[in-house]
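A quick write-up on the structure given underneath.
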Amino acid sequence: MPGEPLRKILLVEDDPDIQVVATLALSADGDLSVESCSSAREAIERAPAFRPDLILLDVMMPGSDGFTALESLRAMPETAKTPVVFMTARTQQRDLERYRGSGSLGVISKPFEASALAETVRRLWSGRGG
Amino acid sequence: MKSPALTEQYAEALRLYFERGEEQELLRAYQLGRDGLAAGLGVLEIAALHQQALVAALLQMLAPADSTRIARRAAEFFAEALAPFEMSQRGFREANAILSDLNRELERRVQKALRRYRQARDELDEQKRIDHVKDEFISIVSHELRTPLTSIHGSLDLIRAGLPPDAPETTRRLLDIAHRNSQRLVRLVGEILDLQKIETGMMPFEPRPVAIGPFLEQALEANQAYAARLGVSLALEAAPQDVHVAADQDRLMQVMANLLSNAAKFSPKGAAVVVAAELREAGLRVTVTDRGPGIPETFRKRVFERFAQADSSPAREKGGTGLGLSIAKAIVERMGGRIGFKTASTGTTFFLDLPLARGRAESQPARA
């Protein structure tokens, strides 16, 4: 719901270095708690217990990619309505069209400005429809 | 009637018939044949005339237009024309030989055409495959380069942001260098991909009428902060009211950003970069003028080449990739426009000639 604060973010990212950088960048905002995992499978296992307010989802991951992961998350009652933001290094036109059509809150393209990541996510969060 | 003259007339009549299919020419040939018999020519001599006529037909086939039609007509004629005559065994053998030669020739031509067709088809499939592989390659390179860059650039960004105020000056400087250069790499990857996309036709262009006045104001506003960091101001001098160009707005904005940032980089501190637009015969000309030192004579020819930067140019020092202007040129030309420059030791003007939007009233409301 709009107006609700953003507190918990689940970060799904297979690259361990980016995982660390993004976690640190988001944690610089003292009000955010971040859990990270490195595959769609792990995300599906952990999301029900963690109950994130928002999921940051990498697109190109080994195993199932971000789009498949999104479908699986939508199929679970705990995360059926959790806003999802994609993170991607693929910004080909047809990819962008796919992100738009996927029902995600937005896309953050890599490389992102790490010092502004928390702010970017908050902006997307407050722009979400009711 | 002497036989050489008869032969020529006969061949001429047949050639005209084969070429144009005019029945009267065929009748004339028959008549000439009968005249020949009456003048005492033998059957074999008449057959020789037919042969010559067939050679003429074959020669016609070398110009391949409608060769099947001509050959068929020649064969029909041959069969028909020989029938009334008492032919010797030899005459028929010759006739057969000629016909089967003709058939072989036709067969060869059909096979050749077929081979050419199959080759063209295979080449097309191969081209499609190559395009697909290229597309995949770009996508993968884009991902593979950007992934390590994300953590490098992100780390540097976070360290810089969290640097304590009493950090040693050297640390600060080295961090700035690393950060600036990682930024440059990020841009470079993006621009190489852009250029590749334009060249492979994969960059979408959606030309729509763009109101030039508001567009230029927006372009200046978007690049003001960058120019200000270099101590340069951007000024819009003049733009005709209510003029629309046909352009892809986002791409045109990319071009303006490139021209404005270049102009700012080359301007002396405190100077202004002046943007103007004027209507010309062929469309609208947008100009971006700086008060920089001008483009060196030796470099002028290579300005739009990739990775071409004048030696020790401020653009290189200030993080340019050397691809901006070649991308700008590709984009402008893709939109049916033109880019160029005039330069002197007191400054440089880059200009864009853009086509005006036509039938604007019809094309505008359809925007869903």
Side-chain angles (χ1 to χ4, degrees), chain A residues 9 11-30 32 34 36 38-39 56-63 65-67 85-101 107-122, chain B residues 131-163 175-176 178-206 248 250-251 254 334 368:
Chain A
I9 294 179
L11 170 70
V12 192
E13 165 65 63
D14 67 305
D15 186 284
D17 293 340
I18 297 180
Q19 211 183 86
V20 171
V21 172
T23 305
L24 282 173
L26 292 168
S27 307
D29 178 324
L32 291 178
V34 184
S36 59
S38 46
S39 72
L56 263 178
L57 189 55
D58 183 28
V59 176
M60 291 255 285
M61 290 184 291
D65 69 4
F67 293 105
V85 172
F86 281 122
M87 287 198 302
T88 181
R90 286 173 75 127
T91 51
Q92 300 270 72
Q93 190 63 23
R94 52 152 199 231
D95 298 323
L96 290 178
E97 275 155 24
R98 224 176 141 196
Y99 302 134
R100 276 191 215 113
V107 186
I108 293 175
S109 56
K110 294 178 189 171
F112 46 78
E113 285 302 310
S115 53
L117 184 63
E119 200 190 310
T120 308
V121 171
R122 281 200 178 282
Chain B
D131 283 350
H132 180 72
V133 170
K134 255 191 209 162
D135 190 357
E136 273 308 299
F137 180 74
I138 293 169
S139 198
I140 289 166
V141 167
S142 145
H143 179 259
E144 292 309 312
L145 291 177
R146 280 178 171 148
T147 298
L149 272 174
T150 302
S151 43
I152 296 171
H153 190 65
S155 300
L156 290 170
D157 198 26
L158 288 182
I159 297 171
R160 264 176 95 236
L163 212 59
L175 259 178
D176 280 349
H179 184 258
R180 197 169 60 237
N181 280 283
S182 76
Q183 219 158 21
R184 184 168 160 190
L185 258 179
V186 170
R187 243 190 344 263
L188 192 59
V189 170
E191 289 184 356
I192 288 174
L193 291 169
D194 267 1
L195 204 57
Q196 186 77 10
K197 274 191 268 182
I198 295 172
E199 280 179 357
T200 51
M202 290 190 312
M203 181 174 279
F205 282 88
E206 292 173 37
D248 182 308
D250 293 343
R251 297 297 161 210
Q254 193 178 347
R334 181 75 166 64

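The model shown is predicted, which means the values in this text are computed figures rather than measured ones.
When atom types are taken as modelled, the side chain of B/R146 and the backbone of A/A89 share a donor-acceptor pair closer than 3.5 angstrom.
The distance from atom CD of B/E144 to atom CE of A/M60, rounded to the nearest 0.5 Å, is 6.5 Å. The distance from atom OG of B/S155 to atom CG of A/L24, rounded to the nearest 0.5 Å, is 8.0 Å. Expressed to the nearest 0.5 Å, how far OG of A/S115 lies from CG of B/L156 amounts to 11.0 Å.
Contacts of A/D17 with chain B are made by both backbone and side-chain atoms, with heavy-atom separations under 4.5 Å. Both the backbone and the side chain of A/E113 have a heavy atom closer than 4.5 Å to some heavy atom of chain B.
If you tally non-hydrogen atom pairs under 4.5 Å between each of B/H153, B/R160, B/Q183 and chain A, the highest count goes to B/H153.
The shortest heavy-atom contact between A/A114 and B/D157 is N-OD2, 3.0 Å. Residues B/V186 and A/P111 share a closest heavy-atom pair of CG2-CG, 3.6 Å.
In this structure, a donor-acceptor pair under 3.5 Å is absent between the side chains of B/T147 and A/D15.
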